[in-house]
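All remarks here apply to the structure that follows.
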There are 2 protein chains.
Amino acid sequence: MTLTDLRYLVALARERHFGHAAERCNVSQPTLSVAIKKLEDELAVTLFERSAADVKITDIGARIVAQAERVLLEAGQIKELATAGRDPLSGPLKLGVIYTIGPYLLPHLIPRVHGAAPSMPLLIQENYTARLAESLKRGDLDVIVVALPFEEPGIVTQAVYDEPFRVLMPAGHAWEEDAAIPAARLAEAPLLLLGAGNCFRDQVLEVCPLCRGGEGLQRTLEGSSLETIRHMVATGAGITVLPSSAADPLPGGNSLLTVRPFEAPEPFRRIALAWRVTYPRSGAIDVIRAAILGSPLQGVRPVGR
Amino acid sequence: MTLTDLRYLVALARERHFGHAAERCNVSQPTLSVAIKKLEDELAVTLFERSAADVKITDIGARIVAQAERVLLEAGQIKELATAGRDPLSGPLKLGVIYTIGPYLLPHLIPRVHGAAPSMPLLIQENYTARLAESLKRGDLDVIVVALPFEEPGIVTQAVYDEPFRVLMPAGHAWEEDAAIPAARLAEAPLLLLGAGNCFRDQVLEVCPLCRGGEGLQRTLEGSSLETIRHMVATGAGITVLPSSAADPLPGGNSLLTVRPFEAPEPFRRIALAWRVTYPRSGAIDVIRAAILGSPLQGVRPVGR
DNA sequence: GGTAGGCAATAGTGATTCACTATACATCGT
DNA sequence: ACGATGTATAGTGAATCACTATTGCCTACC
């Protein structure tokens with residue numbers, strides 16, 4: 001029993017004439033005749049009473065035809081689903097973003113994606129890189145925004161932008177005098193840091209290897225966020241390092257804080273998109289990338305593909 | 001897209017492993033692999049993300065699998081319908097009976113059929129032979145009970161029983177003296193007859209060709225029934241001829257009427273079943289025949305097949 | 001960092017199925 | 001009886017299906 005057979009069946013039930021039904025199905029009369037006979041044999045049921053005068057459907061035949069119509073209808077739905085799903089910009093996209101990017105990127109990203117792909121709702125999760133990687137591999141996420149380096153088997157990455165680091169200090173801080181801060185100087189002040197698991201913490205410590213050893217001068221704030229740290233800096237609890245997208249928008253409305261760039265070579269992080277090599281909706285990824293690059297993230301430098 | 005393809009599809013969605021899914025479908029891994037690829041090409045959609053680690057279903061894939069399961073479910077219903085419909089004794093049987101048999105046969109027939117085939121309800125229509133023939137050919141009826149001769153293209157008949165005719169007269173009638181009545185004598189009395197269209201009318205007139213010419217001696221009662229004629233005979237309006245199944249049960253409880261057989265050669269009618277040659281439920285016809293023969297129709301003689 | 005093992009994809013082949021043309025067969029109406 | 005109409009059957013070629021054998025790829029292990 002194939003779907004073609006069922007199509008022949010309902011055609012014959014409608015036309016009540018083998019020749020006409022065959023014509024409607026664009027096949028020869030014997031083809032349809034044989035197919036119907038095969039169906040009857042397979043089901044061990046007489047579906048039609050054939051006579052020279054006309055073709056009559058049996059009771060059981062009528063019931064089976066009705067069921068066949070249902071089958072064909074449902075099968076047609078498959079094609080419709082496929083057509084609707086062929087557009088990579090249709091259907092939800094599960095996006096993961098690390099904690100230190102989400103709050104600064106998403107407010108810009110979401111409306112842009114919605115504008116470019118209105119029928120692609122974003123399902124967003126913020127988390128640590130490691131967790132995002134897990135979810136991505138499991139298939140719980142489709143695309144993630146992380147900082148490089150990021151190497152995982154079966155995962156491909158594409159750099160999107162570089163983002164320089166800034167030093168954030170309370171207004172009136174001694175370093176305010178300097179236009180740029182040397183990285184090594186971080187070891188001299190109480191440095192507020194995110195908890196372990198945040199890749200940004202590690203990147204900051206890489207900028208200033210002395211900090212790791214300089215006992216007591218850096219304070220780790222477990223379960224915290226850059227925003228919390230910023231408030232703490234404002235209260236004079238210490239200084240910190242922020243990515244430019246988080247730091248640069250600040251001075252305007254916040255006179256309690258001062259932002260300074262690092263001295264060259266300016267430390268920075270490279271932000272990238274990552275997805276499974278096998279992920280088929282590359283068009284969706286392009287939209288995400290474009291939306292990120294279209295977002296007004298201060299201080300960032302796009303990375304050519 | 002075939003139903004087999006869809007079966008492979010849902011198996012793979014369940015197993016998430018080409019080899020296991022193939023095994024479950026009793027085919028080789030390449031077979032399933034190719035089939036899935038063919039489906040994806042046909043639908044122009046990626047249904048699964050394949051990687052060495054595992055097989056992930058895409059969003060659109062999951063929706064299509066759900067739809068495929070619906071299709072397979074409905075297709076399975078076809079087989080169930082066929083299995084249920086394979087029994088010729090299941091499903092309603094549309095039975096037609098001529099007016100001059102119905103009232104005497106059906107009260108016996110119906111319970112017997114119900115006993116022999118409880119899941120075969122009878123849909124009964126009483127009518128003239130010509131109307132029954134029309135309905136039978138159109139397919140509005142499946143089997144009819146008629147008097148022979150009955151010849152129609154595409155229709156086969158099977159004699160079931162012979163039924164002698166009787167003379168019915170009011171009690172005290174002059175002919176009461178005789179044990180048997182010669183057919184020719186019918187022309188001598190006011191003969192009450194059914195209207196045109198009733199085959200029994202014609203058969204009675206054939207018994208006594210003189211009656212047709214003997215003007216005024218026979219009266220035609222249009223739109224009447226044997227029962228009405230019987231009442232009229234009881235009131236002395238004339239005599240009539242009845243089939244034995246209608247006449248023989250009478251004398252017991254009706255002292256106003258007298259029944260006499262004809263002289264040999266006893267006129268009779270041959271009652272038969274008729275159905276389309278193409279009608280597939282021969283088992284149902286056998287049940288009807290057996291039920292008729294099992295009915296206590298007085299005076300009738302079964303006709304061997 | 002090389003290698004073995006697991007897994008899906010591909011190649012190549014044979015069997016089955018599908019659909020065609022030509023024709024036979026059945027029935028009905030003239 | 002014969003022609004018209006309509007379905008079934010025969011016979012053939014093409015397409016599809018499913019198989020075995022093999023390749024290619026990735027991962028994980030040593």
Side-chain angles (χ1 to χ4, degrees), chain A residues 1-9 11-13 15-42 46-58 61 133-134 137-138 151-156 276-280, chain B residues 1-9 11-13 15-42 46-58 61 133-134 136-138 151-156 275-280:
Chain A
M1 182 171 67
T2 74
L3 290 172
T4 308
D5 293 337
L6 297 185
R7 265 186 281 275
Y8 295 164
L9 174 63
L12 182 56
E15 300 287 337
R16 311 208 120 106
H17 185 290
F18 280 76
H20 299 168
E23 193 172 358
R24 178 173 286 254
C25 295
N26 300 310
V27 296
S28 68
Q29 170 264 316
T31 296
L32 190 134
S33 206
V34 168
I36 296 290
K37 182 149 186 48
K38 186 170 65 70
L39 243 190
E40 287 184 324
D41 287 350
E42 184 177 343
T46 304
L47 299 172
F48 296 93
E49 288 186 43
R50 296 115 159 120
S51 63
D54 63 344
V55 173
K56 287 183 193 59
I57 192 161
T58 63
E134 263 315 298
K137 286 199 279 188
R138 250 204 318 276
E151 299 285 337
E152 290 285 342
I155 304 293
V156 293
R276 295 182 296 280
V277 250
T278 56
Y279 187 65
Chain B
M1 181 172 64
T2 75
L3 290 172
T4 307
D5 292 338
L6 298 185
R7 265 186 282 274
Y8 295 165
L9 175 63
L12 182 56
E15 299 287 337
R16 310 207 122 99
H17 185 289
F18 280 75
H20 299 167
E23 192 172 359
R24 176 173 288 252
C25 295
N26 299 310
V27 296
S28 68
Q29 169 264 315
T31 295
L32 191 134
S33 206
V34 168
I36 296 291
K37 181 148 186 50
K38 186 170 65 70
L39 243 188
E40 287 183 324
D41 288 350
E42 183 178 343
T46 304
L47 300 172
F48 296 93
E49 287 185 43
R50 297 114 159 119
S51 63
D54 62 345
V55 173
K56 287 185 194 58
I57 192 160
T58 63
E134 263 316 298
L136 184 63
K137 287 199 280 190
R138 250 204 321 277
E151 299 285 336
E152 290 285 342
I155 304 294
V156 291
W275 60 90
R276 296 181 296 281
V277 251
T278 55
Y279 188 64

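Numbers restart at 1 for each chain; the letters A, B, ... are given by sequence-line order, proteins then strands. Values below: all heavy atoms of this structure, side chains included; hydrogens, waters and symmetry mates excluded.
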Provide, to the nearest angstrom, the distance between the [atom1] atom belonging to [X] and the [atom2] atom belonging to [N].
X        : N      : atom1 : atom2 : result
B:Leu47  : C:dA8  : CG    : P     : 15 Å
B:Leu32  : C:dA8  : CG    : C1'   : 11 Å
B:His17  : C:dG5  : NE2   : C1'   : 12 Å
B:Asp41  : C:dA9  : CG    : P     : 11 Å
B:Glu15  : C:dC7  : CD    : P     : 13 Å
A:Glu151 : D:dT27 : CD    : P     : 12 Å
A:Leu12  : D:dG6  : CG    : P     : 14 Å
B:Glu49  : C:dA8  : CD    : C1'   : 15 Å

Pairwise N/O distances under 3.5 Å, protein to nucleotides 26-28 of chain C:
from   : atom 1 : to       : atom 2 : distance (Å)
C:dC28 : OP1    : B:Pro153 : O      : 3.4
C:dC28 : OP1    : B:Gly154 : N      : 2.7

Got more than 12 heavy atoms from elsewhere within 6.0 Å of NZ, A:Lys38?
yes
Sequence neighbours left out, what passes side-chain contact (heavy atoms from CB on, under 4.5 Å) with [X]? Give chain and number order.
X        : value
A:Arg16  : A:Ile57
B:Arg276 : A:Glu49, A:Lys56, B:Leu136, B:Asp142, B:Ile155, B:Thr278, B:Tyr279
A:Val156 : A:Trp275, A:Val277
A:Arg50  : A:Phe18, A:Ile36, A:Glu40, A:Phe48

Heavy-atom closest pair (B:Thr58 atom, B:Thr46 atom, distance to 0.1 Å) is OG1-O, 2.9 Å
Does any pair with a residue in residues 20-39 of chain A pass ring pair (Phe, Tyr, Trp, His ring centres under 6.0 Å), and if so which ones, sequence neighbours excluded?
A:His17-A:His20
Return the polar atom pairs (N/O with N/O) between nucleotides 14-19 of chain C and the protein under 3.5 Å, or none.
from   : atom 1 : to     : atom 2 : distance (Å)
C:dA19 : OP1    : A:Tyr8 : OH     : 3.3

What pairs with A:Glu23 under salt bridge (Lys or Arg N to Asp or Glu O under 4.0 Å), at least two apart in sequence or on another chain?
none
Could you note down all residue pairs passing salt bridge (Lys or Arg N to Asp or Glu O under 4.0 Å) where residues 24-35 of chain A supplies at least one of them, sequence neighbours left out?
A:Glu15-A:Arg24
Could you pull out all residues at least two apart from B:Glu134 that satisfy side-chain hydrogen bond (donor to acceptor under 3.5 Å, both in side chains)?
none
Return the set of residues passing side-chain hydrogen bond (donor to acceptor under 3.5 Å, both in side chains) with B:Ser33 (not counting sequence neighbours), or none when no residue passes.
none
Can you give one letter per nucleotide of nucleotides 8-15 of chain D, 5' to 3': B if a protein heavy atom sits under 4.0 Å from the base, S if only from the sugar-phosphate, - if neither?
BB------
